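I have placed the structure first, in the form of structure tokens, so that the comments after it can refer back to it.
Just so you know, residue 1 is the first one in the sequence shown, and it goes up from there. What's counted below: heavy atoms across the whole structure, side chains too, no hydrogens, waters or symmetry copies. Just so it is clear, the model here is predicted, and its values are computed rather than measured.
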Amino acid sequence: MSAVDEDYEVSICANCGKGEEESHKLKACTACKMVKYCNRECQIAHRSQHKKECKNRAAELLDIELFKQPPNPNGDCPICFLRMPLMNSGSRYQSCCGKVICNGCVYAPVYDREGNKVDVDKQNACAFCRVVAPKTDEEAIERLNKRVEANDAQAIFNLGVYYRDGRFGFEQDHTKALELYHRAGELNYVNAYNNIGNAYELGQGVEVDMKKSQHYYELSAMTGNVTARWNLGNREGSAGNVDRALKHFMIAVRDGHSKSLDTIKQMYSNYGHATKEDYTKALQSYQEYLGEIKSPQRDKAAAFSDEYRYY
């Protein structure tokens, strides 16, 4: 056989054996990607033979994606270009322009270059677009709704939270909240699927369904949500899967989750489920994260008020 012949691979239907040259283009199994079929009828006919192998391979593929370190989930500040802190108090969403700005850049306009305090309107102006902050809840909601209409993922998510909690004049409506979370999730907002997973875990607007909760936590963790990652780690730990739990906590630490660092410390010092090397690596990862988020301006803001704390 020639080298050309050796490199040539004919795809055949796993059920009937027909190749692509004998029928239309074959379609791969969407779950495992290992086999191909002529059509849905062949896939159904072959299911009993393929089910176990498919399930095992699909689980392997999920783990490959699940235990990857996700890209920086919160992005960088659009003004100072430093990595955005994980803590909620480390940044603010601006409904005027839809930007998320770090605490240091939000705080900076309080003083001019000579260190003199500027007037109130300038203090309250958005550090990015310079629009003055809303003076009433009604004005704030009006701005938020405009961002929702513009398909702003975080605005959509925030509105979902308001419906969940019944805040700012919105009647509590878990069904509406879930609808908005799904919409934000489709726009790749990292916190959305975590809230959906939480809703299925607690039965908020839906029946309690731990399998669906797990699914949405996994989706959220893969996009970078550390709370979802933390939840998955705790579940694995409770189930006795300490190796998998440790993997989740290590990923969360790299994205600044201090609770995961504390948990790894306990796993090492109290239970022997983590090694000294594991804990050392976790500490190094957390220090690397701090090195990426720290700045003198953010430190000034945090020293001024706990509302600006960022780690």
Distance col, row Cys129:SG vs Lys99:NZ, nearest 0.5 angstrom, shows 10.0 Å

Check: Leu82 and Ile293 side chains under 4.5 Å, non-hydrogen atoms: no

Under 3.5 Å donor-acceptor, Asp209 side chain and Lys211 backbone: yes

For Phe170, the hydrophobic cluster (side chain heavy atoms closer than 4.5 Å, chained through members) also holds Met84, Tyr93, Val100, Ile141, Leu144, Val148, Ile156, Leu159, Tyr162, Tyr163, Phe168, Leu180, Leu187

Kindly indicate, with the supporting measurements, whether the criterion side-chain contact (heavy atoms from CB on, under 4.5 Å) is fulfilled by Leu202 and Val208. CA-CA 6 Å; Leu202 300 177; Val208 171; over 6 Å; no

Smallest separation among heavy atoms of Arg130 and Ala125, with atom names: O-CB, 3.7 Å

Rounded to the nearest 0.5 Å, what separates atom CG in Asp299 from atom CZ in Arg309? 12.5 Å

Residues clustered with Tyr181, ILVMFWY side-chain links under 4.5 angstrom: Leu62, Leu66, Phe67, Phe157, Val161, Leu178, Tyr189, Tyr193, Ile196, Tyr200, Val206, Tyr216, Tyr217, Leu219, Met222, Leu232, Ile251

Quick check: is Tyr37 connected to Ile44 through a chain of hydrophobic side chains (ILVMFWY, heavy atoms under 4.5 Å apart)? no

For a 4.5 angstrom cut-off between non-hydrogen side-chain atoms, does Tyr310 reach Lys294? yes

Sole candidate of Glu218, His257, His248 that passes side-chain hydrogen bond (donor to acceptor under 3.5 Å, both in side chains) when paired with Arg229: His248

Heavy atoms, side chains only, cut-off 4.5 Å: are Thr280 and Glu277 in contact? no

Okay, side chain of Thr263, backbone of Phe249: is any donor-acceptor separation there less than 3.5 Å? no

What is the ring orientation for His50 with His46, classed by angle as parallel under 30°, tilted 30 to 60°, or perpendicular over 60°? parallel

Do Arg183 and Glu186 meet the salt-bridge criterion of a basic N to acidic O distance under 4.0 Å? no

Taking side chain as C-beta onward, heavy atoms only, is Arg147 less than 4.5 Å from Asn145? no

I'd like to check the side-chain hydrogen bond (donor to acceptor under 3.5 Å, both in side chains) partners of Glu139; sequence neighbours left out, ordered by chain and number. Arg143

Got a donor-acceptor contact below 3.5 angstrom from the Asn198 side chain to the Asn195 backbone? no

For a 4.5 angstrom cut-off between non-hydrogen side-chain atoms, does Tyr311 reach Leu290? yes

Quick check: closest heavy atoms across Gln204 and Arg164, and the distance to 0.1 Å? OE1-CD, 4.1 Å

More than 12 heavy atoms from other groups under 6.0 Å of CG on Asn270: yes

In terms of ring plane angle, is the pair Tyr308 and Phe304 parallel, tilted or perpendicular, where the classes change at 30° and 60°? tilted

So Ser91 and Cys77, side-chain contact (heavy atoms from CB on, under 4.5 Å) or not? Walk me through it. CA-CA 9 Å; Ser91 62; Cys77 175; over 6 Å; no

Answer with yes or no whether the side chains of Gln214 and Arg235 bring together a donor and an acceptor at under 3.5 Å. yes

Side chains of Asn103 and Arg92 in contact at under 4.5 Å (non-hydrogen atoms): no

CG/Leu246 to NZ/Lys281 distance, rounded to the nearest 0.5 angstrom? 9.0 Å

Ion pair Glu179/Lys176, N-O distance below 4.0 Å: yes

Evaluation steps, side-chain contact (heavy atoms from CB on, under 4.5 Å), between Asp63 and Glu60: CA-CA 5 Å; Asp63 275 2; Glu60 290 175 3; 5.8 Å; no

If we only count heavy atoms from C-beta on, is the Lys27 to Lys36 side-chain gap below 4.5 Å? no

Per side-chain hydrogen bond (donor to acceptor under 3.5 Å, both in side chains), Asn225 is matched among Asn74, Asn191, Asn231 by Asn191

Please find the pair of heavy atoms, one from Lys68 and one from Ile64, that lie closest to each other, and give the distance. CG-O, 3.2 Å

Can you give me the closest heavy-atom contact between Thr223 and Pro73, atom names plus distance? O-CB, 4.2 Å

Phe128 side chain reached by Gln94 side chain, heavy atoms, under 4.5 Å: no

Does atom CD of Glu307 have more than 12 heavy-atom neighbours, drawn from other residues, nucleotides or ligands, at distances under 6.0 Å? no

Say you draw a straight line from OH of Tyr286 to CD1 of Ile264; how long is it, rounded to the nearest 0.5 Å? 12.0 Å

Please lay out, stage by stage, how Asp255 and Arg83 fare under the test salt bridge (Lys or Arg N to Asp or Glu O under 4.0 Å). CA-CA 10 Å; Asp255 285 328; Arg83 179 173 181 162; 2.8 Å; yes

Minimum heavy-atom separation for Ala282 and Val253, please, with both atom names. O-CG1, 3.2 Å

To the nearest 0.5 Å, tell me how far Cys38 SG sits from Gln43 CD. 11.5 Å

To the nearest 0.5 Å, atom CG of Asn194 lies from atom CH2 of Trp230 at 13.0 Å

Heavy-atom nearest pair, Cys80 first then Arg298, reads SG-NH2, 3.7 Å

If you apply the rule side-chain contact (heavy atoms from CB on, under 4.5 Å), what do you find for Ser258 with Leu86, and how did you get there? CA-CA 10 Å; Ser258 58; Leu86 174 64; over 6 Å; no

Go through the side-chain N and O atoms of Arg254 and Ser260 and say whether any donor and acceptor fall under 3.5 Å apart. no

